[in-house]
Asker: 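Below you'll find the structure I mean.
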Amino acid sequence: MTAAAPANHAHAPTTRTVVRFAGDSGDGIQVLGAEFAKAVALDRHDLMTLPDFPAEIRAPAGSTFGVSAFQIQFGDDGVLTPGDQADALFAFNPAALKTNVGALKPGGLIVADPGAFSARNLKRAGYAANPLDGDALSRYRLVTVDIARLTAEAVAATGVGKKQAGRAKNFWSLGLCFWLFGGERGATIEWIEGKFAKAPEVAASNVAALNAGHAYGETLELDAGSTAQDTRTAPRHGLFRTVTGTDAMGLGLAAVAALSGLKLTYCSYPITPASALLHFLAGLNGRGVSTFQAEDEIASATAAIGASYAGGLGVTASSGPGLVLKGEALGLAVAVELPLVAIDVQRAGPSTGMPTKPEQADLNLALYGRHGEAPLPVLAPATPAECFHVVIEAARLAMQYMTPVLVLSDAYIANAAQAWQLPDVDALPAITPAFRTEPRGFQPFARNPDTLARPWATPGTTGLAHRIGGLERGAGAGDISYDPDNHEAMSRLRAAKVAGIESTLPCEIDGGAEAGDLLVIGWGSTYGAIVEAVQGLTSQGHAVGHLHLRQLWPLPPNLADILQRFRAVAVPELNHGQLARLIRSEFLVDAQPIGQMRGQPFKVAHLEAELTALLPGAPR
Amino acid sequence: MTAAAPANHAHAPTTRTVVRFAGDSGDGIQVLGAEFAKAVALDRHDLMTLPDFPAEIRAPAGSTFGVSAFQIQFGDDGVLTPGDQADALFAFNPAALKTNVGALKPGGLIVADPGAFSARNLKRAGYAANPLDGDALSRYRLVTVDIARLTAEAVAATGVGKKQAGRAKNFWSLGLCFWLFGGERGATIEWIEGKFAKAPEVAASNVAALNAGHAYGETLELDAGSTAQDTRTAPRHGLFRTVTGTDAMGLGLAAVAALSGLKLTYCSYPITPASALLHFLAGLNGRGVSTFQAEDEIASATAAIGASYAGGLGVTASSGPGLVLKGEALGLAVAVELPLVAIDVQRAGPSTGMPTKPEQADLNLALYGRHGEAPLPVLAPATPAECFHVVIEAARLAMQYMTPVLVLSDAYIANAAQAWQLPDVDALPAITPAFRTEPRGFQPFARNPDTLARPWATPGTTGLAHRIGGLERGAGAGDISYDPDNHEAMSRLRAAKVAGIESTLPCEIDGGAEAGDLLVIGWGSTYGAIVEAVQGLTSQGHAVGHLHLRQLWPLPPNLADILQRFRAVAVPELNHGQLARLIRSEFLVDAQPIGQMRGQPFKVAHLEAELTALLPGAPR
Amino acid sequence: MSGQVIALTARDFETDQEVRWCPGCGDYAILKSVRRVLAQLGRRREDTVFVSGIGCAARFPYYVDTYGFHSIHGRAPSLATGIKLANPALDVWVVGGDADFLAIGGNHLLHVLRRNVDLNLVLVNNAIYGLTKGQASPTSSVGTRSPSSPAGTFDAPMNPAALALGAGGSFVARSADMLQDHLPETLLRASAYRGAAFVEVLQNCIVYNDNAFGDLTRKAARAEKTVQVRHGEPMLFGANGERGLVYEPWQGTFRITENVAEATLHDETNPALAMALARLVDDALPMPLGVFYAVPRPHYVAALEANAPQQPLTRGEFKDILRTGSWRA
Amino acid sequence: MSGQVIALTARDFETDQEVRWCPGCGDYAILKSVRRVLAQLGRRREDTVFVSGIGCAARFPYYVDTYGFHSIHGRAPSLATGIKLANPALDVWVVGGDADFLAIGGNHLLHVLRRNVDLNLVLVNNAIYGLTKGQASPTSSVGTRSPSSPAGTFDAPMNPAALALGAGGSFVARSADMLQDHLPETLLRASAYRGAAFVEVLQNCIVYNDNAFGDLTRKAARAEKTVQVRHGEPMLFGANGERGLVYEPWQGTFRITENVAEATLHDETNPALAMALARLVDDALPMPLGVFYAVPRPHYVAALEANAPQQPLTRGEFKDILRTGSWRA
Ligand SMILES: Cc1ncc(C[n+]2csc(CCOP(=O)(O)OP(=O)(O)O)c2C)c(N)n1
Ligand SMILES: Cc1ncc(C[n+]2csc(CCOP(=O)(O)OP(=O)(O)O)c2C)c(N)n1
Ligand code: SF4
Ligand code: SF4
Ligand SMILES: [Mg+2]
Ligand SMILES: [Mg+2]
């Protein structure tokens, strides 16, 4: 992958290369993908990955519903999506081929192990005949490699058993990948040796497999395709790591603990795909973080509120079904005006829906899922890496304005990985919660005239003992009040406080034209696809701009201005038009929803077509 | 009150008379009000009542927060609100006077018992000096009557003790009311005798007090005011009863049981103000109705779903905090497509808020309070009596379209009473749930081509055993499906089914102009106030029309046409503009919200002023 | 619907759905037992309903060819209550995992037990969250390392049978996935019980908590490590029943005896003994299995029905209701 | 914060809020006891927090001049857990009614007991829903007529103390509103316990369930109808302690003896005895009051703290976390 070592790989990558791995859950596909991604990143490429887990924990070997896949796009010009279609597919068995060949572009490379295409496996996958024979795959470039057998031979010398020999297939394939697409084996070898430190023979076998796979490609002079070309320009400098949205969100929360000095109290109940964040933070227990696995989501949300009340920062996270359950608790936090960060890693609904698949259909719930008028800020990161800054901002707003803040991520952002240049920690502004300590003049529901926030007075503070609760409170003293004027005033105050929050999240054209024909407004994980679709349209000469909202409520104050600069507005989102509806009602502009509910990210090509149809003058 | 018997009362009523009773919770104010309302209704007047309970169960005697009040407006030209301001106030103690005198119009009548204005009671109410002395009440017409003493004298002969003598004050006052405002004592006497059948001396004392109060007014020739005049026109015929919204809703649900032959399974968890419906229906257990008090709202909603699954009709009801908790269950009902009626008796929020006070701020929650795209029909009765037909319609739609249906009532509708002409039960159309019994060709997620409903196949039916669940289901067979195309198709189907429901609820101009300057769109309990405000504006020559929506989702298909006929649109509602926002986003019209969050219904005068300001051409 | 006995086999209860648990998962064995029991019951498939929440175990309904409802996490007991309210004639089974029944769903479990709703409650206890990939559950033993507790858990586990007894459950039993005689026997007893029959089934999650109850499931150790209690019979264990348990009622504890004549006779109507059996978790003693407690008690829906016999409401009757308090003008 | 003893009186714990329970409500007496106990504890008012859900009893925080949080129905135990997680030094009391703790909140109660979170849990049991105007509650006795059960309830009541023991509670006690010696004594014990201390307080709702526990609260009957158990002391009752209870462990029952020497000595570390006391509901026998069970057990937050001592995270440490797995380009 380094231009300096051409002999090391068949071809330098094209501007963009998309590789997809698919096999049984037990085949180690995700490890293979992650290690390949790391190597790609180490080689200073941009990348975006998308794992595609089966819904079942461990489905029967060879079944179509047990196929685990991983897709990566890498290149050097700001890769932002895992790619619409793959250039190459590694299919470890018939079921993997069957369920993934549709993701391969015509002419793409298929690497398949004929040894895995047994009668039994073919039947399980529903193939009447072996697709490796005949011309079923004639649209593609098929390379069959006896991976299992070659791996077994490669590891024989390390003395591991048959089972481990079978398991090392993924490293053999990774070695072949490195040959085909470039990438240094060093980091992977290091990782293997660390990971299997307690079982050196396993480590040795994996390394042997890795090297053998690479050697195989080299010996046979396999190549990945025809268009390979290295386009890397300015090398980048600094500290990098690959992060999924989960990693970045977890790191952001740890940053909040470091920047504020508070105990970050993370209260959650397991649910896919939000649990990964609990797992991440559980590893940081005692390092500014305290995690609590509650008995359910209601307990997790109320425990987080209790933590904030007591002067920690309460954070709670879930996915759709759990967010619904937290609605009453969030309403309490709005009413008593305590800081809280609530994260929703959206997945396809309604109800249990498709738990491992992304969707953006919880926006309405985030905005309105509480009884009474209970407004709160709603933020949404656009990329995995952005989770870091967005969740820090959420925490800052929560404390500055004494309000729960909702952060909407989704299954795609949470699981997708990208290379991320680490921020300069010393440059991150401190978060200084304004704990009230002065007893004179203390009133629990007095207001900071700038922010309209009430004071944060935590138990233990001398002279500030007071009572709060969900019954309507009188302005100032906070005693229970049924006074009609007070309720009207408090309702307006709560709304005004949220309407007036000033976040540091930008609201400006992300790409394309600053004014013109069509404004494309997106939010959340659709970022990459919209960027690329808008680039496509712009390159065709259309005056199309892309605005990606990170703050969904309150809508940024300058949004009205930006809207005015365009003749038409389109809102692509993975739902039936929830943001579009909000923009329509707030600004009375004819924002056109482009909805998709497939449990999948947008394909760039699809989006480009949909947007083209909305260009002023396009036939409708 | 009958024109034929002028000697029986001081004055015939004015076109509209508003009387307010206020006293300690223990003073029997609500009984007094209800009996007066019955007499007024029996005399063929229109009426609307509004009880105003204290939040506390039994607050200390004489405290301001323990005051219980009851307001009634009656008249003969379609009374639709309990009145902005009272013509007369019965204040049973200083606290009652203090907290209620603001509701009295200048020049209005105050009837007060000086005996209750003891030093202790004055202090409890926070009066420095006795307001009955001096000119503190000079803006009003003050009549002091020694009610307690006079009642004690009146009941002496019946031999009851001091305690009961004290309790009979409300009947003495009712007698005086009958003199002042008209009304026959007969029905009340009958009611007393029935109610206290087991304690004849109590009955006798109450009757004696009633008669004595009337005689007192007659003897002293007290009069209610100056403008009294009987304007009754055509006498009405038929069977009548007074109903609160709770009564009408309960009767509607019983009607559903009778019209469908199904077991109406009402599952609920106590919460103010929804509990009253549970109490109403609990009395009908075994008569087509089965009530279940669950351990919480989630259990109540899921039990109702279970009941519908098993071929009953599941109904669940709550108020705001409970509706939030039911969100996940409602999403399940949307996903598995089972009939369900969910009722939300809205109260002031957020969080615990002001539990006894009305508000309309749960509309957003009703529309959007579920994760994923989970649309369902939302209906709202406009008046207490309308609850009957609306809840029947909700049940019919739920079964016809196999969907949960939400009905939004509120604390005002639930508690307010009006006289209601009983519907002709034989004319009510039967509800015939289309239970599937035919095994041939059965598919649990096949669709009726007209309604898009899936079949209702209940356990116990031969040959139809099948499995349903919250995971996305394949169209037709209903097996778990992660197929992207299927999810897209099913999402659109669920939305299309709800969008296509055809209800019998009207959407037409309720009053005022059919076209012109201003369309006032309301929903729910604001009906009466809007009617009167629009009448006011119309009588001033403005072309103002009133449209009251009973179906909030999907919005009625002809709404777009109606909107086009007006130059401006105003949406008064007891929230911060939730329906306004919906209309804005759906139709891109500049619907102006008129929000109020006071825990109280609109005052007609206030509303008229707000609407005037929105008339095209009004200074802004 | 009832009474009528039908000849069905376990195979008749298989559906066309591929069973999707991990290879080696204990749920397969439970499914097998359940299907066998259903066949033995001789009821029509259509009169039986399986209800579940969410979790690996909660996939059960898809694999039993009766009516089935895979609902939402934790709420199966209350959904099942609604089914019984609307149609008491149905035979309703509720199957769920330890998180489903004891974490999010704990409250509903308490209340169906207290009300004694006529349900068969099968708690599949693997002491782990299976479906969500291995977090510690309310029944995980202290120190369980999991993705959400990398340093081990600190919270004491819940004892499902003790909880059920404390909540007022009147049929409480325990069995294990691999016991293909004991489990069907226990489930049959549960099915025959009129009321809330609670059966804890120890299950092996081979992926996330392998061998949590290994001693019990492994055939070799079974005889030594478990004791099957049966009403009126001595509490014997060992390969040939050569040892026994003696109940020491003062503290509700047990000791081992080599003198089988001394072994305590199980009495499933003795609440103190039942609680002592449920609570017996001691490496030095065998783990009790069987029906710990079974006493008849009025069950909720029956009481409801008896009190207010359910007939469809006629229009005429409705008119009476409607006219209450009305007058003619 | 801790250690330091302050001289306060019960009056120091009064707030400026008018107490708004019904005249004659048993909550007044409980409030009085609690304030006395707080004064005796000698902690700073600011280090104490009262947390509640919704209900009449849940109004408690407004009436105690400490920190207070009147939250949402049923969730006080979990909210209180969060408070302890963030600041373990606080003394946290959770007060709520039978619906709050056992209907909607049952699950959270189970889990704080299981985890042994260091809280003082005061369940105010009036066997009715007070605030919502008198519906039957999970502790209402069978046949209770209420607005929601005009024909009487059919479901068996829950026994709070038995439930708490079944859930694994390690401090379980019972007292009653009117017992102005016994109640403070019991609450003091609860407060001293490190872990989840569960106290059921029988309370009289004069409006909706008057005299539900009348025999206990009425002074005249008290001595005959209740028995106060104390660790190591014989279980005596009667005006002059002239009769006793004898524990019959086989079935976990009791009988009355006139021979006080024969009366059983209470042992609050005996789980079987504790359960038997909790379950003893029999008109012919006195109702047990006192600390039924109290055994030391690791409590959740302490275990958590011990495992991962909490220091604020420094930027430097954060950098280490951030850089895990990073590389320099
Ligand atoms: C409201 C909600 N919260 C969380 C989840 C995620 N979830 C699914 S199954 C499960 C627990 C599974 O554990 P268990 O009940 O023990 O069943 P097992 O998989 O071990 O059989 C959880 C937390 C969900 N589906 N819904
Ligand atoms: C989510 C929710 N459901 C229901 C209610 C209504 N509610 C308020 S208090 C209460 C129960 C009161 O009974 P209990 O807990 O026994 O307290 P008590 O009033 O008897 O002291 C209920 C059901 C509510 N506030 N919130
Ligand atoms: S994860 Fe465990 S419980 Fe779930 S299917 Fe696999 S082995 Fe069974
Ligand atoms: S309703 Fe009952 S519990 Fe509530 S304050 Fe009144 S007497 Fe006390
Ligand atoms: Mg489990
Ligand atoms: Mg109570």
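Naming: A, B, ... by sequence-line order, numbering from 1 per chain.
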Asker: Give the ring-plane orientation class for D/Phe318 versus A/Phe388, where under 30° counts as parallel, over 60° as perpendicular and anything between as tilted.
Answerer: parallel

Asker: Counting only heavy atoms closer than 4.5 Å, note whether A/Trp420 contacts chain D via side chain, backbone, both or neither.
Answerer: side chain

Asker: If every non-hydrogen atom of D/Ala86 is compared with every non-hydrogen atom of A/Ala307, which pair is closest and at what distance?
Answerer: CB-O, 3.4 Å

Asker: Report the C-alpha separation of D/Leu304 and A/Ser290 in whole Å, then their side-chain angles, then the decisive distance to 0.1 Å, and conclude whether the side chain to side chain contact (heavy atoms under 4.5 Å, CB included) test is met.
Answerer: CA-CA 9 Å; D/Leu304 199 80; A/Ser290 173; 3.7 Å; yes

Asker: Please examine the side chains of D/Val112 and A/Glu295, heavy atoms only from C-beta on, and report whether any two atoms are closer than 4.5 Å.
Answerer: no

Asker: Measure the CZ-OG distance between A/Phe292 and D/Ser78 for me, rounded to the nearest 0.5 Å.
Answerer: 7.5 Å

Asker: Checking heavy atoms, do the side chain of A/Ser300, its backbone, both or neither come under 4.5 Å from chain D?
Answerer: neither

Asker: For A/Leu471 and D/Tyr62, what are the C-alpha separation, side-chain angles and deciding distance, and is it a side chain to side chain contact (heavy atoms under 4.5 Å, CB included)?
Answerer: CA-CA 12 Å; A/Leu471 285 163; D/Tyr62 293 113; 4.3 Å; yes

Asker: Hey, does D/His70 have a side-chain heavy atom less than 4.5 Å from the side chain of A/Ile468?
Answerer: no

Asker: Counting heavy-atom pairs under 4.5 Å with chain D, which one of A/Ser260, A/Ala329, A/Ala299, A/Gly312 comes out on top?
Answerer: A/Ala299

Asker: Measure the spacing between OG of D/Ser326 and CG of A/Leu239 and express it to the nearest 0.5 Å.
Answerer: 4.5 Å

Asker: What I'd like to find out is whether the side chain of A/Ile480 reaches to under 4.5 Å of the side chain of D/Gln17, using heavy atoms alone.
Answerer: no

Asker: Hey, is the main chain of A/Arg287 close enough, under 3.5 Å, to the side chain of D/Glu317 for a donor-acceptor pair?
Answerer: no

Asker: Under a 4.5 Å heavy-atom cutoff, which of D/Thr81, D/Thr15, D/Thr66 has the most pairs with chain A?
Answerer: D/Thr66

Asker: Quick check on A/Leu428 against chain D: is it the side chain, the backbone, both or neither that has a heavy atom closer than 4.5 Å?
Answerer: both

Asker: For the pair D/Arg75 and A/Glu297, find out whether any cationic side-chain nitrogen is under 4.0 Å from an anionic carboxylate oxygen.
Answerer: no

Asker: Below 4.5 Å, heavy-atom pairs only: which of D/Arg45, D/Arg323, D/Gln311, D/Arg115 has the largest tally toward chain A?
Answerer: D/Arg115

Asker: Under the criterion side chain to side chain contact (heavy atoms under 4.5 Å, CB included), I'd like the reasoning laid out for A/Thr242 against D/Trp327: C-alpha separation, chi angles, the key distance, then a yes or no.
Answerer: CA-CA 9 Å; A/Thr242 47; D/Trp327 67 85; 4.0 Å; yes

Asker: Above 12 or not: heavy atoms from other molecules or residues under 6.0 Å from NZ of D/Lys32?
Answerer: no

Asker: Check whether A/Thr462 gets within reach of chain D through its side chain, its backbone, both or neither, counting any heavy atom under 4.5 Å.
Answerer: both

Asker: Any side-chain heavy atom of A/Thr302 within less than 4.5 Å of one from D/Ile72?
Answerer: yes

Asker: Evaluate A/Val425 against D/Leu322 for side chain to side chain contact (heavy atoms under 4.5 Å, CB included), listing each step before the verdict.
Answerer: CA-CA 9 Å; A/Val425 172; D/Leu322 186 66; 3.5 Å; yes

Asker: Flag the one option from D/Ile54, D/Thr314, D/Thr324 with the top tally of heavy-atom pairs under 4.5 Å to chain A.
Answerer: D/Thr324

Asker: Side chains of A/Tyr309 and D/Val51: closer than 4.5 Å at any heavy-atom pair?
Answerer: no

Asker: Can you classify the ring geometry of D/Tyr67 versus A/His466 as parallel (below 30°), tilted (30 to 60°) or perpendicular (above 60°)?
Answerer: perpendicular

Asker: Do the non-hydrogen side-chain atoms of A/Tyr266 and D/Leu85 ever get within less than 4.5 Å of each other?
Answerer: no

Asker: Which atoms of A/Asp247 come close to chain D, meaning under 4.5 Å heavy atom to heavy atom: side chain ones, backbone ones, both, or neither?
Answerer: neither

Asker: Can you tell me how far CG of D/Asp47 sits from OG1 of A/Thr461, rounded to the nearest 0.5 angstrom?
Answerer: 9.5 Å

Asker: Between A/Leu332 and D/Ser71, is there a side-chain heavy-atom distance shorter than 4.5 Å?
Answerer: yes

Asker: Which bit of A/Leu464 comes within less than 4.5 Å of chain D, counting heavy atoms only: side chain, backbone, both or neither?
Answerer: both

Asker: Measuring heavy-atom distances to chain D, does A/Val336 have an atom under 4.5 Å in its side chain, in its backbone, in both, or in neither?
Answerer: side chain

Asker: Are any of the side-chain heavy atoms of D/His108 and A/Asp296 separated by less than 4.5 Å?
Answerer: yes

Asker: Determine yes or no for a side-chain-to-main-chain donor-acceptor pair under 3.5 angstrom, with D/Arg44 supplying the side chain and A/Gly460 the backbone.
Answerer: yes

Asker: Heavy-atom cut-off 4.5 Å, strictly under: side chain, backbone, both or neither for A/Ala430 against chain D?
Answerer: both

